Amino acid sequence: MLSTMTAQMLDASNQILIAELGQRVLNGGQITRKEALSLFNLENPADIFDLLSWANRIRGKFKGNKIHLCSIVNAKAGACPENCSFCAQSSHYQTGSPKYGFVDPEPVAEAADEANRNRVTAVGLVAAWKGLNEGPLLDEVCARVRELKAGGKTRPDVSLGIIKSQRVADRLKEAGVECYGHNLESSRRFFPQTCTTHTYDDRLETIGHLKKAGIKICSGGIIGMGETREDRRDLAFSLKEIGANVVPVNILNPIPGTPFEKNEPLPVLEIVKTIACFRFVLPRQEIMIAGGRTVNLRDAQSLIFMAGASAMMVGNYLTTLNQPVEKDLQMLKDLGLDPSWDSHGFSDQEEIPMHRGCGKENCETEMELATAK
Ligand code: SF4
């Protein structure tokens, strides 16, 4: 059979499989880990475009045509004691990235104003440190969150690293944090190749405290670090298990001076296929394309929405540049997508309690959280 989009032969068995799984997800069903892997392993461009068209339908059904925009403020930059191999802000590597202490109110207020002008739903305060404990720094963080919340211009999100105490999570919630960014980064298997100064279980424990405090979870990962397709599949299912509300998909932008500086970029079709597979596994989640979008996808950026993305990080990233917000807004307008600001109560998502499998009989989903402390 010929695909009109690519003039390449469509594999009829793949086409039947993609359609069967796509229809199942559209009907409210779920796919197994094994089925997901067969999607992650698709190679033929014609099959990948077929997959995208189903992912687009799934996004349309569960997310409509609304695209949420997020932006971030580097609230404390550089000199991080952790050794994440992709990160320009680690003190373990010489990257020339800026270094400064926790931000004053003014830059945060400016970021909120700019976000509001650009119809951005949320501004996240991101800090380069291991994590947050009780003390004067937590007081300062809570003050910035309260100011953002009181301004009423954006949803105040934060990404502040590892939390070891329930009290810290509760205080953040009291201050007004609605959503906390804490990526799993990759699969449990691959994680030690990205970082050795903290563990996958440290990350799961943090997410447990946040969920208990009633804070929504923004958790995803980075692709292109050298992980396998199976690792990407495992990451998607772990994110399903923890009940991530927003799932950022970052694409590695290799930073000179970091251990991943010489990583080969992923092909564009591999990237959009991965996004589509995430949409099949996580039909109701906000799938947000974040760091590395412009540099890795170039002129193919608009394909992220056909692949099922329902959110996008706009404005500059923590240490690298993005394309101008105006260009992103024009892209959405051209595609008939709606970036209208709303406070986004996540009411379009089912609540997923901790320790839940996929719900299917003979569920193959590994229970990551069951093993976490
Ligand atoms: S990713 Fe975060 S925790 Fe890891 S080195 Fe960078 S700033 Fe530190």
Side-chain angles (χ1 to χ4, degrees), residues 70-103 123-133 137-138 140-141 144 157-165 168-169 172 177 179-188 190-207 209-210 217-227 231 235 238-239 244 246-261 263 288 290-293 295 313 316-322:
C70 292
S71 65
I72 45 177
V73 177
N74 202 351
K76 183 270 165 190
C80 179
E82 301 306 282
N83 68 353
C84 307
S85 296
F86 50 83
C87 182
Q89 304 204 72
S90 167
S91 60
H92 295 250
Y93 319 123
Q94 300 295 322
T95 63
S97 174
K99 298 181 180 73
Y100 53 80
F102 196 69
V103 279
V123 168
L125 303 182
V126 183
W129 56 43
K130 184 177 185 115
L132 197 52
N133 300 309
L137 196 50
L138 177 61
E140 218 180 324
V141 167
R144 282 308 88 75
D157 290 356
V158 293
S159 178
L160 304 166
I162 287 165
I163 291 177
K164 289 274 174 197
S165 127
V168 172
L172 289 170
V177 168
C179 191
Y180 193 106
H182 199 57
N183 287 341
L184 292 184
E185 311 297 14
S186 191
S187 66
R188 177 186 283 281
F190 190 74
F191 185 85
Q193 292 182 56
T194 72
C195 179
T196 56
T197 46
H198 62 265
T199 67
Y200 202 73
D201 284 330
D202 287 332
R203 293 195 159 253
L204 291 173
E205 185 189 1
T206 300
I207 288 166
H209 290 315
L210 294 164
I217 304 299
C218 171
S219 184
I222 306 175
I223 60 172
M225 297 191 289
E227 76 288 344
D231 289 317
L235 171 64
S238 294
L239 294 167
V246 183
V247 173
V249 176
N250 298 273
I251 310 133
L252 182 76
N253 181 2
I255 306 288
T258 63
F260 289 162
E261 66 178 339
N263 276 35
M288 177 172 73
R293 165 169 59 93
V295 71
M313 187 167 287
N316 289 335
Y317 305 121
L318 293 174
T319 62
T320 55
L321 301 177
N322 197 355

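In listed order, ligands and their atoms are each counted from 1. Not measured: the values here are computed from a predicted model.
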Per-atom contacts of ligand 1 with [X], taking only distances under 4.0 Å to non-hydrogen atoms:
X: Cys80; answer: 3 (S), 5 (S), 7 (S), 8 (Fe)
X: Ala128; answer: 7 (S)
X: Cys87; answer: 1 (S), 5 (S), 6 (Fe), 7 (S)
X: Phe86; answer: 1 (S)

Inset, instruction - Could you find the nearest protein heavy atom to atom 4 (Fe) of ligand 1 and give me its residue, atom name and distance? - result: Cys84 SG, 2.3 Å
Inset, instruction - Establish whether atom 2 (Fe) of ligand 1 and some protein heavy atom are separated by less than 4.0 angstrom. - result: no
Legend entry - Leu125 and Val141: CA distance, side-chain angles, deciding distance, side chain to side chain contact (heavy atoms under 4.5 Å, CB included) verdict: CA-CA 9 Å; Leu125 303 182; Val141 167; 5.7 Å; no
Legend entry - Side chain proximity check, Leu172 to Tyr180, heavy atoms < 4.5 angstrom: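 Leu172 reaches Tyr180 side chain to side chain.
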Inset, instruction - Flag the pair Leu132 / Ile162 as yes when at least one side-chain heavy-atom distance between them is below 4.5 Å, and no otherwise. - result: no
Inset, instruction - List the steps and the verdict of side chain to side chain contact (heavy atoms under 4.5 Å, CB included) for Leu184 and Phe191. - result: CA-CA 8 Å; Leu184 292 184; Phe191 185 85; over 6 Å; no
Legend entry - Residues Asp231 and Arg188 bridged, charged N to O under 4.0 Å: no
